[in-house]
Amino acid sequence: MPKANIQPDVISYNAAISACEKGGQWQHALLILFETMPMTKVQPDVISYNAAISACEKRRHWQQALKLFEVMSKVKVHPSVISYSAAISSCEKGGQLEQALILFEAMPKVKVQPNIVSYNAAISACEKGGQWQQALQLFEAMTRANVQPDVISYNAVISSCEKGGQLQRALKLFEVMPKAKVQPGVISYNAAMSACEKVGQWQQALKCFQSMPKAKVKPDVISCNAAMSACEKGGQLQQALKLFESMPKATLQPSVVSYSAAISACEKEGDWQLAMKLFVSMPRTKIQPNIISYNAAISVCEKGGEWKQALKLFEAMPKATAQADVISYSATISACEKGGQWRHALKLFEAMPKAKVQPNVISYSAVISACEKSGQWQQALMLFKAMPKAKVEPNIISYTAAISASEKGGQWKQALKFFEAQSSAIGQQLYNLAGNLHCH
DNA sequence: GTAGGGTTAG
């Protein structure tokens, strides 16, 4: 048969749109839907629209996805449960919780029953929007609607609780999974480890990691990173390093996060040399250090008393396209402070506004201490007095430095005033802390 | 030929 006689039908066009979706060509998907198909007089059906919505969703064009959803309703191609789920998912990815819930709640009105994917997409939208109660409500509603939660539902609701600080709730959900006949996956384990760590149960986190093989769940890079982090919190530094070294044997390529975790473990152990060795070995394994790796390395230099090296690292950050943040500045200022380099410390501190980095209490305490220690008591007091204007609440370190600076300058009244202010401020801070602890 | 999740490091 001659080729020209074969006209593509709606199925071929849908396959083409789907191919665009898989290849990330969302604009081309729209072109087929709105140009090619009308030209050849082939009517797009619900699958054509769904595939196009999905193409926009994958590339995170939530407005475009919603527009498609509206268009299909207008041209009387009735949205199916898949259209709704894809649209909700687009909103979720675009951080549009309200819109996602509007779509979800509209479903029963048009007699489209939400299925497990619709529920999961809505729960994820709540998670991203920081609404853990809402997420939990949806999770409970699905059981009532006879839609049995699967591993994705559990992971999403566990994550929501975790983000909302509901750590015990998150752990309880994880523990209940086997009873609900839902096999926890690697993501469930990783999320559970994270919750354990956040409540200070690092042993529990490690136990969780060690129980993975028995549950036939293969740990991934993130599981190892989480386990390393748990070891570090528990002071099990050798164990953390052992984990790091065992990764290649498990055919897991350590990521930039693994390196940062290992560097930080070395830092806590006091092994500056090994920490720096790890840092400089990163490019060899084709891993570009990021801002967190740099900050960890600067912190190592600070602890090791290497202020010159800290400055050098700080100055190398722009070339590595790592924008210095408040932690980079504070760590470098602290390194200079320890090295008695008040001019460097002050210069760094003064460069912060230009770099659009807001100094925090750590930056202030470090620079005030640097000036005070070098006998620059007037400078130290000036900086301390600037804190309220910058809306930074002084902590005990800044107060101590300010009191010392006052004493050095013979400003006894000033010193006494600061001392009294410190007592009440720190008292208030302790009171708040106690209140927080009580809540938990 | 169409829809879904996430965890880790300073």
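Chain letters run A, B, ... following the sequence lines, proteins first, then strands; residues in each count from 1.
Here the side chain of A/K22 is nearest to one of B/dA9, B/dG6, B/dT2, namely B/dT2. Side chain of A/A51, nearest nucleotide from B/dT2, B/dA9, B/dA3: B/dT2. With distances taken from any side-chain atom of A/S194 to the nucleotides B/dT8, B/dA3, B/dG5, the minimum falls on B/dT8. Closest to the A/V151 side chain, of the nucleotides B/dT8, B/dA9, B/dG5, is B/dG5. Set against B/dG5, B/dT7, B/dA3, the side chain of A/I152 has B/dG5 as its closest nucleotide. The side chain of A/N155 has B/dG5 as its nearest neighbour among B/dA9, B/dG5, B/dA3. Of the candidate nucleotides B/dA3, B/dT8, B/dG6, B/dA3 has the atom nearest to the side chain of A/E21. Set against B/dT7, B/dG5, B/dT8, the side chain of A/K198 has B/dT8 as its closest nucleotide.
Between A/L311 and A/L348 there is a side-chain heavy-atom pair separated by less than 4.5 Å. You'll find the side chain of A/L383 reaches within 4.5 Å of the side chain of A/F349, heavy atoms only.
When heavy atoms are screened at a 4.0 angstrom cut-off, A/V221 is found touching no nucleic acid atom at all. Heavy atoms of A/I291 sit under 4.0 angstrom from at least one base atom. Across all strands, A/I116 comes closer than 4.0 Å to base atoms (heavy-atom distances).
Applying the 4.0 Å criterion to OP1 and OP2 of B/dT7, one finds that A/K163 has a side-chain N or O inside that range. Dashed line: the shortest gap from a side-chain N or O of A/S264 to OP1 or OP2 of B/dA9 is not under 4.0 Å.
A side-chain contact (heavy atoms from CB on, under 4.5 Å) with A/L136 is found for exactly one of A/C126, A/C161, A/S160, namely A/C161.
Atom-to-atom distance recorded for A/W272:CH2 and A/K303:NZ is 7.0 Å, nearest 0.5 angstrom.
One atom, CE of A/M107, and another, P of B/dA3, lie 15 Å apart when rounded to the nearest Å. Straight-line distance from the CD1 atom of A/I187 to the C1' atom of B/dG6: 4 Å, rounded to whole Å. Taking atom CD1 of A/I292 as the reference point, atom P of B/dT8 lies 11 Å away to the nearest angstrom. One atom, CD1 of A/I222, and another, C1' of B/dT7, lie 5 Å apart when rounded to the nearest Å. Rounded to whole Å, the distance from CE on A/M228 to P on B/dT8 is 14 Å. If you measure from atom OH of A/Y259 to atom P of B/dA9, you get 18 Å, rounded to the nearest angstrom. Rounded to whole Å, atom P of B/dT2 lies 16 Å from atom CG of A/N115. Rounded to whole Å, the distance from CD1 on A/I287 to P on B/dA9 is 16 Å.
Within a heavy-atom distance below 4.0 Å of DNA chain B, the residues of residues 56-72 of chain A found are A/E57, A/K58.
Between A/P219 and A/F209 the shortest heavy-atom distance is CB-CE1, 3.8 Å.
Classification of the A/Y259-A/F244 ring pair by plane angle, with boundaries at 30° and 60°, yields perpendicular.
When the ring-ring contact (aromatic ring centres under 6.0 Å, His included) test is applied to A/Y49, no partner is found at least two apart in sequence or on another chain.
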Pairs under 3.5 angstrom only: tabulate donor-acceptor contacts from the side chains of residues 106-116 of chain A to other protein residues two or more places apart or in another chain.
from	atom 1	to	atom 2	distance (Å)
A/N115	OD1	A/V117	N	3.1
A/N115	OD1	A/S118	N	3.1
A/N115	OD1	A/S118	OG	2.9

